[in-house]
**Q** 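Sharing a structure with you now.
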Amino acid sequence: MREAPIVIVRDLVKTFAARGASLRAVDGVSFDVGQGETLGLVGESGSGKSTTGRILVGLEAATSGSIRLFDQEISPASGKAALRAVRRRLQFVFQDPQNSLNPRMRAQDAIAEPLDVAGGLSRAARNDRVRELLEMVGLPRSCGDRFPHEFSGGQRQRIGIARALALKPEFIVCDEPVSSLDVSMQAQIVNLLLDLQERLGLSYLFIAHDLAVVRSISARVAVMYAGSIVEIAPRHELYTSPRHPYTQALLAAIPRVKPNKARAAVVTGELPSQIDTVPGCTFHPRCPFAFERCRAEKPKLREIAPSHLAACHLHDVPA
Amino acid sequence: MAQQTLLSVENLTVQFRGDAGWVNAVEGVDFAVRAGECLGIVGESGSGKSVSALSILKLHGRANTRYASGTIRYGGHDLLTVSQRRLRQVRGGEIAMIFQDPMSSLNPVLSIADQIMEPLRQHQGLSARAARRRAVELLEMVRISDASRRIDDYPHRLSGGMRQRVMIAIAVACRPKLLIADEPTTALDVTIQSQILELLRELQREIGMSVILITHDLGVVAEFAQRVVVMYAGRVVESAAVPALFERPVHPYTEGLIRAVPDPDADVSRLATIPGNIPDPSTPIAGCRFNPRCSEAVKSCRTEPPALADAGAGHFARCPPRIAAGRTA
Ligand SMILES: Nc1ncnc2c1ncn2[C@@H]1O[C@H](COP(=O)(O)OP(=O)(O)O)[C@@H](O)[C@H]1O
Ligand SMILES: Nc1ncnc2c1ncn2[C@@H]1O[C@H](COP(=O)(O)OP(=O)(O)O)[C@@H](O)[C@H]1O
Ligand code: SF4
Ligand code: SF4
Ligand SMILES: [Mg+2]
Ligand SMILES: [Mg+2]
């Protein structure tokens, strides 16, 4: 039996004011992440992945919805101290190690910054911890006094990961951590994240737009489109029997090194910029299977097979 | 049927002025593109793909760049030494180029109409009305719906995919013989990428042009190119027909790179890696530039710079040990 999830998100909504109108960047998102599990979150740019991740770690406030972290309800009513205690157990790894590291801060100080903010460590203990962290992410213990520009892109991402690990978190939101890296560096970082997970029992929300990378690291995968999760399933299931037309289109569009026989057709059109103005299923303007009901009614995410949820009228089972 | 060579780059070395003198960004680069084909140039960042491509039209800034060696053979001439007048004719007319970021080539304060019409009036001497009509046709040709209305939009009103379509429309306006596309889909989402690549393939057929498709994405090359050149640290390390390269890579770097690509069709977790980091071109490495990362390096690899050698059946690789071992087609 699976243990209780450490992250439970229900009906998360985030609206931004954009040129007078309101933009629903996240539009009713629900998911769980289990202890030691990786949930992959994929979708095209603008689909709301980063906003979802940022809300989880407290970098952004939700407009509505509920979040339970480590069995504790997170809401504006939660006390500051309770929030701080929970936040320590959660960290964030950014896409662009180039921009997320202060160029004038040595690697050791960037890594130690969360420790310094938290306080309570002697100088010697702090420096020991930094060297330990460097080693954990596969960097030489001695490279701490170098500045970000003296490292390669892959090494800078290792520093970002070391920094995220400093406070011994249990859950890390990785937002496109390998998207700006070359293939050979990307593979190294994916493997590092897998090693750390095994060693430290970490759970990840792994955000990426590259479905192939997500398959390599995730246990389950959620697909986002225009602010909503349209499909979520264990990885094997999602990649071998995708049920939502958008998931099928995404998988079909990946250019492959090894030819794949059974590929769906490529979709036309683009992600809508103003989600509010698309009635019904937000994917209907691009969907090859759209029918009358799709233009009027937004499909709900529902279980279509064990542990496999999709939001598509094609898979509605009459109640 | 042997296709004719349209353009060939031979022994191209390009240097940039650095803090410590001139540095080779690319060295001894050789490749040829045949009439009507799509040639892929693939490699990780900094491997010299863009520097090679920009050299074809001599687009590098003059002050800090030196074409230290090489010939770019096209139409019986060397583009590196032809007159400025001839070069201008070739640019934008016979050989066109598109880039990763269309915004960097589009003028934000001019409408799409103005930007497409400008070269039509200049190169083809069309009247304003004729140029506008032709511009709408071109937008339709790149499958922009509602073209006669969209043409008056400004670039910022368009999505990244639409902007790239506009750039393609401008590039193909004069029906070029060669289109150089430098990472044209790298900034785009995967469904938009496949739309743009499909469009390029259709236009290539319609116009009968050749395409040099530059990308870091091996999958893009595998699906869209007929032949491919692999670059590493400023050099061509392998070139072959696409099926041969992906089925039987000769160079250890090519093989490692192909294996490191995550497979969307398999539940593999730990990915194959190439150890170490991508070297900076200013870092001196004796012998084979890949030797510090190569598990098969032998003594001579650390001293002798390897030549690009024939591995049989039109397959070339810069790895003497592998070639000697006959790991070829
Ligand atoms: N701070 C913000 N203000 C206004 N709009 C925002 C802000 N952050 C994100 N958005 C918008 O919300 C949508 C989702 O963005 P994001 O979560 O970054 O998507 P993704 O990470 O999937 O690319 C986009 O349309 C984006 O422009
Ligand atoms: N204008 C320039 N000045 C100095 N160095 C340059 C310039 N353009 C490119 N380089 C260097 O030349 C090498 C090859 O770059 P490039 O061709 O852009 O690589 P890529 O394969 O990513 O397109 C890189 O190391 C890059 O830093
Ligand atoms: S609900 Fe309708 S439009 Fe939406 S994905 Fe399903 S079939 Fe397509
Ligand atoms: S020449 Fe030597 S070092 Fe270079 S790739 Fe071949 S075996 Fe490896
Ligand atoms: Mg994002
Ligand atoms: Mg480039």
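A quick note: this is a predicted structure, and the numbers were derived from the prediction, not measured.
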**Q** Under 3.5 Å, is there a donor-acceptor pair between the S216(A) and R270(B) side chains?
**A** no

**Q** Would you say the side chain of P264(B) lies within less than 4.5 Å of the side chain of L211(A), judging by non-hydrogen atoms?
**A**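 In short, these two side chains do not touch, never coming nearer than 4.5 Å.
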
**Q** Working to the nearest 0.5 angstrom, can you tell me the gap between T240(A) OG1 and D267(B) CG?
**A**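 Answer rounded to 0.5 Å: 7.5 Å.
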
**Q** With the side chain counted from C-beta on, respond yes when S269(B) and L194(A) share a heavy-atom pair under 4.5 Å apart, and no when they do not.
**A**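 A side-chain contact exists here, since the closest heavy-atom pair is under 4.5 Å.
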
**Q** State, to 0.1 Å, how close P262(B) and A212(A) come at their nearest heavy-atom pair, and which atoms those are.
**A**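 It is O-CB, 3.5 Å.
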
**Q** For residues Y239(A) and D265(B), determine if any side-chain heavy atom of one lies less than 4.5 Å from a side-chain heavy atom of the other.
**A** no

**Q** With a 4.5 angstrom heavy-atom cut-off, is it the side chain or the backbone of S45(A) that approaches chain B, or both, or neither?
**A**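 Both backbone and side chain.
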
**Q** Would you say the side chain of E223(B) lies within less than 4.5 Å of the side chain of P255(A), judging by non-hydrogen atoms?
**A** yes

**Q** Show the numbers, then the answer: is there a side chain to side chain contact (heavy atoms under 4.5 Å, CB included) between T191(B) and R286(A)?
**A** CA-CA 11 Å; T191(B) 60; R286(A) 305 175 69 185; 3.0 Å; yes

**Q** Is the number of heavy atoms from other residues, nucleotides or ligands under 6.0 Å of R143(B) CZ greater than 12?
**A** yes

**Q** Taking side chain as everything from C-beta outward and backbone as N, CA, C, O, which of these in E198(B) sits under 4.5 Å from a heavy atom of chain A? Side chain, backbone, both or neither.
**A** neither

**Q** Does either side chain, that of S159(B) or that of E270(A), offer a donor lying less than 3.5 Å from an acceptor on the other one?
**A**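 There is such a pair (donor and acceptor under 3.5 Å, judged by atom type) between the side chains of S159(B) and E270(A).
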
**Q** Is I278(B) close to chain A through its backbone or its side chain, or both, or neither, when contacts mean heavy atoms under 4.5 Å?
**A** both

**Q** Do you know which of L271(B), D280(B), V221(B) has the most heavy-atom pairs with chain A at a distance under 4.5 angstrom?
**A** L271(B)

**Q** Heavy-atom distance under 4.5 Å to chain A: side chain of V220(B), backbone, both or neither?
**A** both

**Q** Under 4.0 Å between a side-chain nitrogen and a carboxylate oxygen: does that hold for K258(A) and D263(B)?
**A**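 Yes, K258(A) and D263(B) are salt-bridged.
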
**Q** What part of R293(B) is in contact with chain A, defined as an atom under 4.5 angstrom from a non-hydrogen atom: side chain, backbone, both or neither?
**A** side chain

**Q** Could you tell me if the side chain of I192(B) sits less than 4.5 Å from the side chain of E44(A), heavy atoms only?
**A**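 E44(A) reaches I192(B) side chain to side chain.
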
**Q** Which bit of V183(A) is near chain B, if near means a heavy-atom gap under 4.5 Å: side chain, backbone, both or neither?
**A** both

**Q** Who wins among L218(B), I274(B), N277(B) for the most heavy-atom pairs under 4.5 Å with chain A?
**A**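 Highest number of pairs under 4.5 Å: N277(B).
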
**Q** Look up atom CD1 in I189(A) and atom OG1 in T273(B), then write down how far apart they are to the nearest 0.5 Å.
**A** 11.0 Å

**Q** With a 4.5 Å limit on heavy-atom distance, are the side chains of V190(B) and H209(A) in contact?
**A**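 No. Closest side-chain heavy atoms not under 4.5 Å.
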
**Q** Rounded to the nearest 0.5 Å, what's the gap from CG on L257(B) to CG on D182(A)? Could you check?
**A**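 It is 8.5 Å, given to the nearest 0.5 Å.
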
**Q** Any side-chain heavy-atom pair from S184(A) and E44(B) closer than 4.5 angstrom?
**A**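 The answer is yes; the side chains approach within 4.5 Å.
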
